Engineer: 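My questions will all concern the structure given below.
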Amino acid sequence: MDAIVKTFPGQSETRPTREQAEEAVRVLLRWAGEDPQREGLLDTPKRVATAYRELFNGYELSPEDVLGRTFEEVSGYGDPVLVRDIPFYSHCEHHMLPISGKAHVAYLPNGRVLGLSKIARVVDIFGRRLQTQENMTAQIAGAIDKTLKPRGVAVMIEAEHMCMAMRGVQKQGSTTLTTTFTGEFKENATEQARFLTLVRNR
Ligand SMILES: [Zn+2]
């Protein structure tokens with residue numbers, strides 16, 4: 001029995017119990033046409049509930065905590081720092097079906113730099129929430145902007161949406177591309193072009 005009642009960050013609803021979550025999975029199994037009492041499905045609600053806690057644990061983590069408030073000081077390095085091809089998985093908020101893709105994140109340091117693994121962790125936190133690709137792109141840029149206060153941030157996400165690939169539209173293999181630019185990346189066309197070149201030239 002899950003007795004812990006937790007309020008999610010930014011949400012007023014309290015979390016349902018594990019029993020309630022497992023019962024909801026049984027309802028969906030019946031909705032799909034299955035018999036939840038079939039032997040192969042007996043433990044499925046338990047597994048799904050556990051998997052959801054892992055796949056959506058981004059609600060329990062704050063990007064600000066990961067990025068921290070202390071950064072490495074660098075003097076004299078003003079060129080972009082780019083982390084390319086960060087793989088991620090997420091779920092679309094419209095169908096709760098998987099999104100898989102890669103994020104490319106760059107920033108222009110303002111005397112301070114981030115540990116490189118932290119950028120990948122921020123991508124992971126936002127990925128482990130229900131998302132639209134547009135929002136996720138903006139959220140990654142916003143979190144880095146807010147904590148590191150660089151001269152600019154550029155984020156590009158290339159992703160495939162299972163709700164497009166598997167459902168009626170059947171656009172298998174098609175990827176959606178989104179970008180967000182802030183600061184000098186937004187204002188300066190040369191910086192923007194340099195980012196796009198760095199991402200593309202692999
Ligand atoms: Zn969708």
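Below, all heavy atoms of this structure are taken into account, side chains as well, without hydrogens, waters or symmetry copies. This structure is a prediction, so every number in the text was calculated from the model and none was measured. Order of listing sets the numbers, starting from 1, for every ligand and every atom in it.
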Engineer: Pairs in or reaching into residues 101-145: which pass ring pair (Phe, Tyr, Trp, His ring centres under 6.0 Å), with residues at least two apart or in two chains?
Structural biologist: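 Counting only pairs at least two positions apart or across chains, no ring pair (Phe, Tyr, Trp, His ring centres under 6.0 Å) contact touches residues 101-145.
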Engineer: What are the protein N/O/S atoms, named by residue and atom, that sit under 2.8 Å from the Zn ion (ligand 1)?
Structural biologist: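 Those protein N, O or S atoms (cut-off: under 2.8 Å from the Zn ion (ligand 1)) are C92 SG, H95 ND1, C163 SG.
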Engineer: Examine V113 and I86 and state if one hydrophobic cluster contains both, with Ile, Leu, Val, Met, Phe, Trp and Tyr joined whenever side-chain heavy atoms are less than 4.5 Å apart.
Structural biologist: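 Cluster IDs for V113 and I86 match.
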Engineer: With side-chain contact (heavy atoms from CB on, under 4.5 Å) as the test, pick out the partner of P45 among R18, E19, R26.
Structural biologist: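 One option only clears the test, and that one is R26.
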Engineer: Is the side chain of T182 donor-acceptor paired with the backbone N or O of V153 at a distance under 3.5 Å, no angle test?
Structural biologist: yes
Engineer: Under the side-chain contact (heavy atoms from CB on, under 4.5 Å) rule, collect the residues that match up with L41, sequence neighbours excluded.
Structural biologist: L29, E34, R38, T44
Engineer: If hydrophobic residues (ILVMFWY) are linked whenever their side-chain heavy atoms come closer than 4.5 Å, directly or via other members, who joins V27 in its cluster?
Structural biologist: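 None; V27 is a cluster of one.
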